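If you read the sequence from its start, that first residue is 1, and numbering goes on from there. No experiment lies behind these values; they were computed from the predicted model shown.
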Amino acid sequence: FHSIDELYDFLMKNAADCELEVALAEIAVVTLWDGVGDSYVARADLRHLCPTPEAVKKRFELQMPLLRHAAFQPRLSFSIDGSEEQELVEASIPRIIEAAQEMADVLITARYVV
């Protein structure tokens, strides 16, 4: 295929006959943590699948449907190798990706009011 459009058209025309397997390269995996229940939620790739704070929030919401309700509005923060937590903002994403690629322990925490 010479373009993403050609690939997309092919897959749409042959969806019943195709199985697609994707392997992500250069991933930046972080741990998602429930800061209220002090428990593991999931892992997430920030380079490809959750490249923005909004995408990270959506990933939390998929794992914890409670967070979809307006009353809970989670506050997201991150820490790298046990450092002090900082607010998760767009500008912090490149730093988190770099740390995750270097195999640092990156924790993104959601805190919300119960």
Is there a side-chain contact between [X] and [Y] (heavy atoms, below 4.5 Å)?
| X | Y | value |
| --- | --- | --- |
| Leu32 | Tyr40 | no |
| Val36 | Tyr112 | yes |
| Val30 | Arg43 | no |
| Gln86 | Ile80 | no |
| Ser3 | Tyr8 | no |

Taking every non-hydrogen atom, the tightest pair across [X] and [Y]:
| X | Y | answer |
| --- | --- | --- |
| Pro53 | Val89 | CG-C, 3.6 Å |
| Ile108 | Phe60 | O-CZ, 3.4 Å |
| Ala99 | Val106 | CB-CG2, 4.1 Å |

Give a yes or no answer on whether the side chain of [X] reaches the backbone of [Y] with a donor-acceptor pair at less than 3.5 Å.
| X | Y | answer |
| --- | --- | --- |
| Arg59 | Glu54 | no |
| Glu6 | His2 | yes |
| His48 | Ala28 | no |

Answer with yes or no whether the hydrophobic clustering places [X] together with [Y]; edges join I, L, V, M, F, W, Y residues whose side-chain heavy atoms lie under 4.5 Å apart.
| X | Y | answer |
| --- | --- | --- |
| Leu62 | Leu66 | no |
| Met103 | Ile27 | no |
| Trp33 | Leu67 | no |
| Leu107 | Ile93 | no |

To the nearest 0.5 Å, tell me how far [X] [atom1] sits from [Y] [atom2].
| X | Y | atom1 | atom2 | value |
| --- | --- | --- | --- | --- |
| Asp34 | Ser39 | CG | OG | 4.0 Å |
| Gln101 | Leu46 | CD | CG | 11.0 Å |
| Cys50 | Lys58 | SG | NZ | 11.0 Å |
| Arg47 | Leu49 | CZ | CG | 11.5 Å |
| Met12 | Asp5 | CE | CG | 12.0 Å |

Show which side-chain atoms of residues 68-78 pair as donor or acceptor with protein atoms under 3.5 Å away, not counting sequence neighbours.
| residue | atom | partner | partner atom | Å |
| --- | --- | --- | --- | --- |
| Arg68 | NE | Glu61 | O | 3.3 |
| Arg68 | NH2 | Glu61 | O | 3.4 |
| Gln73 | NE2 | Ala70 | O | 3.4 |
| Ser77 | OG | Glu85 | OE1 | 2.6 |

